[in-house]
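Chain letters run A, B, ... following the sequence lines, proteins first and then strands; every chain starts at 1.
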Amino acid sequence: MRFGIVTFPGSNCDYDAYQAVVETIGEEAVYLWHKDHDLKQSDVIILPGGFSYGDYLRAGAIARFSPVMQDVIAFAKRGGPVLAICNGFQIACEAGLLPGALLRNASLKYICEFVRIRVESNDTTFTNRYAVGDIMRVPIAHGDGRYTADDETLNRLEGDGRVVFRYAGGPADADEWWSPNGAMRAIAGIVNETGNVLGMMPHPERAVDSLLGSDDGLRVFESMLARIGV
Amino acid sequence: MSRFRIAVHITPRRGILDPQGKTVADALHTLGFSTVRDVHVGRHVIVEVDAGTADSATALTREMCEKLLANPVTEDYEIASVEGA
């Protein structure tokens with residue numbers, strides 16, 4: 001199974017994603033250059049975190065028009081699985097692969113810390129190794145993570161079970177919604193209508209080994225292997 | 001073909017939380033501008049473009065706004081001025 005990891009100018013989690021794939025689930029990973037129209041026959045595409053094109057104009061707005069993204073969009077529309085993390089989530093929203101947008105954190109501060117998120121759906125390519133209600137401890141590192149969409153879109157996402165992760169409160173009230181960045185309905189991750197594109201602000205690829213502080217993100221990769229494994 | 005200089009205002013859509021605008025409004029209140037009711041902070045983009053007429057330059061800029069300059073989910077845009085450059 002081959003994971004294609006896109007490198008944009010300003011991506012900085014591409015190597016983390018590479019390590020997560022190669023060292024933890026032992027699968028093949030290749031880098032995809034933003035200027036090439038070549039997905040190198042990848043089975044999964046990862047849009048990694050970072051600051052593509054310096055976040056100029058809006059986070060993800062420029063990357064969305066880079067050459068490789070035209071192929072990624074076509075791949076996603078054919079049903080190809082895409083894991084879009086952090087800046088990748090912003091790019092996927094700008095590209096119209098996912099609904100809504102990610103705006104400046106309500107605090108106006110860049111937030112870099114471990115947070116707790118709750119698995120809201122395990123009926124996906126990316127979370128089938130979790131149970132609904134599982135609390136994961138994973139890092140976030142973003143300035144623009146406030147998920148925003150109109151009420152109709154939010155209701156549809158919830159109604160269709162497409163909210164995959166929500167920010168969760170402290171240990172005593174893990175079921176409470178709580179959002180570090182002001183995200184509407186504490187949304188941390190969603191899938192598209194056909195379930196093959198996951199966008200999430202937290203970084204599962206940085207939580208794949210207890211040496212990193214948590215291995216709660218590992219099952220995202222194991223889930224993909226279990227569902228797509230070729 | 002003539003060259004046109006087009007100014008575009010892009011602002012957060014009304015009703016969407018604008019923490020930057022709110023922070024600026026709070027600061028203005030602190031400075032004593034007690035009659036300030038609301039502040040919104042957006043972007044001001046100037047595009048210089050070659051086109052046959054001012055109308056076609058404007059139409060082209062609108063297309064740029066729809067495709068890239070503004071995010072249709074969260075922002076509104078307005079062509080503020082069109083001048084010969």
Expected output: side-chain A/Glu120 to main-chain A/Val132 donor-acceptor under 3.5 Å:
no
Can you label the angle between the A/Tyr31 ring and the A/Tyr18 ring as parallel, tilted or perpendicular, going by 30° and 60°?
parallel
Which residue out of B/Arg13, B/Glu75, B/Lys22 racks up the most heavy-atom pairs below 4.5 Å with chain A?
B/Glu75
Flag, side chain of A/Arg146 to backbone of A/Arg104, donor-acceptor distance under 3.5 Å:
yes
Looking at A/Glu193 and A/Arg156, is any side-chain nitrogen of the basic one under 4.0 Å from a carboxylate oxygen of the acidic one?
no
Side chain, backbone, both or neither: which part of A/Asp150 has a non-hydrogen atom closer than 4.5 Å to chain B?
neither
Taking side chain as everything from C-beta outward and backbone as N, CA, C, O, which of these in A/Leu108 sits under 4.5 Å from a heavy atom of chain B? Side chain, backbone, both or neither.
side chain
Max heavy-atom pair count under 4.5 Å with chain A, selected residue of B/Ile16, B/Thr74, B/Asn71
B/Asn71
